[in-house]
Number of protein chains: 2
Amino acid sequence: MPDAIESDQDMDVAHSEVLELGIPVACRSCQARHGVVCGALSSTQLRELGRHSLRRKIDAGCEIVAQGSESSFYSNIMRGVVKLCKVMPDGRQQIVGLQFAPDFVGRPFVRESTLSAEAATDAEICVFPRNLLDRMISETPELQRSLHDQALKELDAAREWMLTLGRRTAEEKVASLLYLIATHAEPQTATSTAFDLPLSRAEIADFLGLTIETVSRQMTRLRKSGVISIENFRHIVVPDMDELEKKISA
Amino acid sequence: MPDAIESDQDMDVAHSEVLELGIPVACRSCQARHGVVCGALSSTQLRELGRHSLRRKIDAGCEIVAQGSESSFYSNIMRGVVKLCKVMPDGRQQIVGLQFAPDFVGRPFVRESTLSAEAATDAEICVFPRNLLDRMISETPELQRSLHDQALKELDAAREWMLTLGRRTAEEKVASLLYLIATHAEPQTATSTAFDLPLSRAEIADFLGLTIETVSRQMTRLRKSGVISIENFRHIVVPDMDELEKKISA
DNA sequence: GCCGGCAGTTGATCTAGATCAAATCGTGAT
DNA sequence: ATCACGATTTGATCTAGATCAACTGCCGGC
């Protein structure tokens, strides 16, 4: 298990290391990629934020924020996929969201997190101190607006998944997830799409409210019906996205 | 089926009627009840909003916003319960949220609604023209902030329901819903609580991703185990909220 | 008071998906 | 190359909840 970012000490150490090395810890690259946070800030603010923020590589499986913990930072995803998880005391677990670059991670205005955020793939994030960003949010309506927009987007997504969880069959669920990932992954031609699954079968099951066996069966079902082809477990090819979409029936 | 609010014509007519009658269509009562919108506005803004807004009684079952439609207004719930629904082309249906006074209804910045909002009980709402409120949102960071807060609250709720839909048993689901309603309903003593269900068995089923038969069976199960008692289908008494909470196992 | 219809309950059966139990496949260490 | 182990697939059963089918209780109209 890779180590988690557990406290601001952890971050501060890393940060000062970087400063000592004289590496520019700027957020300009975020802006270049239209990072949710950085796109809304003036260049003065960007410079200040850059001085106190930190770009950080995260291994797959590393926890960014733990459920029930108080986190003193926010992040912006620069690369990779982050999964948001809720677990019950008895161990049952549900993934309640997937986030991709350049999404913002963290719940503004509330310190304690009701869910954990964990890198699903190797990832890179830009870490901001909570206090500083909270101040900038209050001072910058445009930033507030950006984050509000993202919250609404996530809300729409969450509700779409509620429909999937509550009312779709196992096959429709798996097709929905493949469709979601395909449309958020990079390399797609006109109709055909190929991508790497950022999630293991177990994680897919936890996202869809199924078991790994059912996920596996439905994947081979989709393969046998020619909607997808599977190479090396993780790599999926969708010859015709329309066919995949039909399996969702929505 | 009671008539829906279908267009701004509909609202404008009603509004001018009220104006002609000289009835003060103010939003002060919203403020008194800490309406999400009105609490964040200056008295000047409140007066302007009041001049263009409309308090309206809604019968149970009346649709406030239709899925897929373009709505030219927002509302604030003043009394009653509103359910947010998604339906699939084949008729399968999922309730994706319940809203109580003084929640805000409508998706800021996006005209087309991906879900329908329908009064679950007789209700009263305060209706605002979209253009005016959008302008006020951009001009008033505090209002933006209020709406952002509500969006985050709804997001938390949606994710909590994702866990319920994906990983809880039928009995836990029903207990969760009763608990949700009990904690949002009014009259509760120290531990014991009594309330009217704002939802029919069919609606509960659509909320929990179950069938009405299963909901009914689980309700009688909870009744027989002494956790709740049921009078007249709709009226529920929970002698001990802790017992109900235990059934949720979270 | 009687009738009709809808909402809810209860019962009998069926099935999608869970659970239990082996195979395989892949990958990284030796 | 070989081994070991975790991830995945596949197969055989089991079961929670769906489906199908009565039945009951509650109004509202006549």
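A note on names: the letters A, B, ... follow the listed sequences, proteins ahead of strands, and every chain is numbered from 1. Keep in mind that what you see is a predicted model, and the values were worked out from it rather than measured.
The side-chain contact (heavy atoms from CB on, under 4.5 Å) test applied to B:A117 returns B:I64, B:V65, B:V82, B:L84, B:V105, not counting sequence neighbours.
Here the options are B:V174, B:L177, B:L165, B:V96, the test is side chain to side chain contact (heavy atoms under 4.5 Å, CB included), and the partner is B:F207; only B:L177 passes.
In this structure, A:E124 pairs ionically with A:R55, as a charged nitrogen and a carboxylate oxygen lie closer than 4.0 Å.
Checking A:S249 against B:R92 by side-chain atom types alone, a donor-acceptor pair falls below 3.5 Å.
Between A:E171 and A:R221 the shortest side-chain heavy-atom distance falls below 4.5 Å.
Atoms CZ (A:R234) and C1' (D:dT8) sit 11 Å apart, rounded to a whole Å. Atom CD in B:E231 sits about 17 Å away from atom P in D:dG25, given to the nearest Å. One can place CE of B:M219 at 9 Å from P of C:dG8, the figure rounded to the nearest angstrom.
The NZ atom of B:K173 sits 9.5 Å away from atom CH2 of B:W161, with the distance rounded to the nearest 0.5 Å. Here the CD1 atom belonging to A:I212 is positioned 8.5 Å from the OG atom belonging to A:S200, to the nearest 0.5 angstrom. Put simply, CD1 on A:I228 and NZ on A:K247 are 10.5 Å apart, with the number rounded to the nearest 0.5 Å. Atom CZ of residue A:R79 and atom OG1 of residue A:T121 lie 7.5 Å apart, to the nearest 0.5 angstrom.
Applying a 4.0 Å cut-off to non-hydrogen atoms, the residues of residues 197-206 of chain A that approach DNA chain D are A:S200, A:R201, listed by residue number.
The backbone N or O of B:V87 sits less than 3.5 Å from a side-chain atom of B:Q67, completing a donor-acceptor pair.
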Write down the protein N/O and nucleotide N/O pairs, taken from nucleotides 23-26 of chain C, whose separation is under 3.5 Å; answer none if there are no such pairs.
none

Please list, pair by pair, any protein nitrogen or oxygen found under 3.5 Å from a nitrogen or oxygen in nucleotides 12-20 of chain C.
| unit_1 | atom_1 | unit_2 | atom_2 | d |
| --- | --- | --- | --- | --- |
| C:dA12 | N6 | B:R217 | NH2 | 3.3 |
| C:dG17 | OP1 | A:A170 | N | 3.0 |
| C:dA18 | OP2 | A:T211 | OG1 | 3.1 |
| C:dA18 | OP2 | A:T214 | OG1 | 2.2 |
| C:dT19 | O4 | A:R217 | NH2 | 2.9 |
| C:dC20 | N4 | A:E213 | OE2 | 3.1 |

Side-chain donor-acceptor pairs under 3.5 Å in residues 229-237 of chain A, sequence neighbours left out?
| unit_1 | atom_1 | unit_2 | atom_2 | d |
| --- | --- | --- | --- | --- |
| A:R234 | NH1 | A:L197 | O | 3.1 |
| A:H235 | ND1 | A:F195 | O | 3.4 |
| A:H235 | ND1 | A:D196 | OD1 | 2.8 |

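The aromatic rings of B:H184 and B:F100 lie parallel to each other, with less than 30° between the two planes, well short of the 60° mark.
Between A:F73 and A:F128, the gap from one ring centroid to the other reaches at least 6.0 Å.
The rotation axes computed at either terminus of the helix from C:dG1-D:dC30 to C:dT30-D:dA1 lie 40° apart, taking five pairs at each end and rounding to 10 degrees.
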